[in-house]
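As structure tokens, the structure follows; a few thoughts come after it.
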Amino acid sequence: MRFHVNIDHVATVRNARGTDYPDPIALALACEQAGAHGITAHLREDRRHIHDEDIVRLRAAVTTALNLEMAATPEMLAIAERIRPNVITLVPERREERTTEGGLDVLAARASIEAAAELCKRTGIKLSLFIAPELEQVEASRAFGAEQIELHTGEYCHLTGEERRHELSRLAVAARRAAALGLEVAAGHGLTQGNLPDVVAIPQVSELNVGHAVIADALVVGITEAVRGFLRAIELGKSRRN
Ligand code: PXP
């Protein structure tokens with residue numbers, strides 16, 4: 001089970017004052033030292049948090065795995081080709097959204113996904129697609145050349161009671177189908193130490209990408225303790241697997 005920390009919020013705080021601190025790269029290295037297995041950063045088209053230079057510096061500094069989240073545009077594909085992250089995760093992007101809302105519509109984005117898949121095959125980058133837990137999206141991801149899907153857990157995190165249990169079972173069904181097709185299964189969005197163990201209990205899930213809650217916890221306990229807390233929550237989830 002891999003735990004990746006999304007460090008976008010560190011850049012958001014830095015940019016609020018136009019200073020060079022806090023430095024997302026320094027936080028990334030602290031996350032790695034605390035036991036994170038990878039660093040995730042989203043280079044948005046409007047560059048509202050992570051900047052191009054951050055990605056260059058992250059590539060030079062990160063020794064675990066660098067996961068670059070991006071829209072499937074020619075500009076971003078060219079950047080990925082130059083930077084060579086270990087993984088690219090394609091996400092839908094709308095300028096007016098606060099954070100990534102909804103999964104990628106893989107069927108509608110076929111041409112750009114296949115262009116990304118071709119680049120990834122040529123360069124050895126892993127291609128991951130951020131999708132809702134829907135079987136047709138899982139199957140299209142496989143058909144269009146992805147190696148991994150990242151299941152959108154945002155709905156699960158927002159719901160409560162029976163609705164949450166229902167969404168969790170949709171995640172489990174999608175994860176099972178993906179694994180049967182030979183896809184690796186990641187999950188992310190809205191996860192906290194409290195709500196992630198039930199997601200980790202889905203046996204096919206092998207990676208989590210978490211941002212907001214890690215940085216929020218770090219404000220209280222520091223980044224090292226925040227990462228360790230998430231790693232403990234993952235162990236709790238693993239103990240619920242059957
Ligand atoms: N995974 C993807 C694909 C995302 O776009 C985001 C948000 O940037 C995350 C994971 C992390 O979500 P959160 O910040 O809610 O943990």
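Read the numbers this way: they start at 1 and go in the same order the structure lists the ligands and their atoms.
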Touching ligand 1 at all, G190? Heavy atoms, strictly under 4.0 Å?
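So G190 counts as touching ligand 1.
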Say you draw a straight line from [atom1] of [X] to [atom2] of [Y]; how long is it, rounded to the nearest 0.5 Å?
X	Y	atom1	atom2	result
L151	L183	CG	CG	10.0 Å
R177	E139	CZ	CD	4.5 Å
E69	T89	CD	OG1	6.0 Å

Could you tell me which atoms of ligand 1, counted from 1 in the order shown, lie closer than 4.0 angstrom to a heavy atom of [X]?
X	value
N6	8 (O)
E150	1 (N), 2 (C), 3 (C), 10 (C)
V91	3 (C)
V210	16 (O)
N209	10 (C), 11 (C)

Sidechain N-carboxylate O distance under 4.0 Å for R170, E155
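A salt bridge is absent here (no side-chain N lies under 4.0 Å from a carboxylate O).
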Where does E69 meet ligand 1, judged by heavy-atom distances below 4.0 Å: at the side chain, the backbone, both, or neither?
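It is the side chain that gets close, since no backbone atom is under 4.0 Å.
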Contact check: [X] vs ligand 1, nitrogen or oxygen atoms, below 3.5 angstrom:
X	answer
F130	no
H212	yes
T89	no

Between H9 and H212, is the ring centre distance below 6.0 Å?
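That pair passes the under 6.0 Å test.
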Side chains of residues 214-238: which donor-acceptor pairs under 3.5 Å do they make with residues two or more places apart or in other chains?
unit_1: D217; atom_1: OD2; unit_2: Q193; atom_2: NE2; d: 3.0
unit_1: E235; atom_1: OE2; unit_2: K238; atom_2: NZ; d: 3.2

Would you be so kind as to tabulate the donor-acceptor pairs closer than 3.5 Å made by side chains of residues 194-211, with sequence neighbours excluded?
unit_1: N195; atom_1: OD1; unit_2: T192; atom_2: N; d: 2.7
unit_1: N195; atom_1: OD1; unit_2: T192; atom_2: OG1; d: 3.4
unit_1: N195; atom_1: ND2; unit_2: G190; atom_2: O; d: 3.1
unit_1: N195; atom_1: ND2; unit_2: T192; atom_2: OG1; d: 3.4
unit_1: D198; atom_1: OD1; unit_2: R240; atom_2: NH1; d: 2.8
unit_1: S206; atom_1: OG; unit_2: V185; atom_2: O; d: 3.3
unit_1: E207; atom_1: OE1; unit_2: R2; atom_2: NE; d: 3.0
unit_1: E207; atom_1: OE1; unit_2: R2; atom_2: NH2; d: 2.8
unit_1: E207; atom_1: OE2; unit_2: N209; atom_2: ND2; d: 2.9
unit_1: N209; atom_1: OD1; unit_2: T40; atom_2: OG1; d: 2.6
unit_1: N209; atom_1: OD1; unit_2: N67; atom_2: ND2; d: 3.3
unit_1: N209; atom_1: ND2; unit_2: E150; atom_2: OE1; d: 3.3

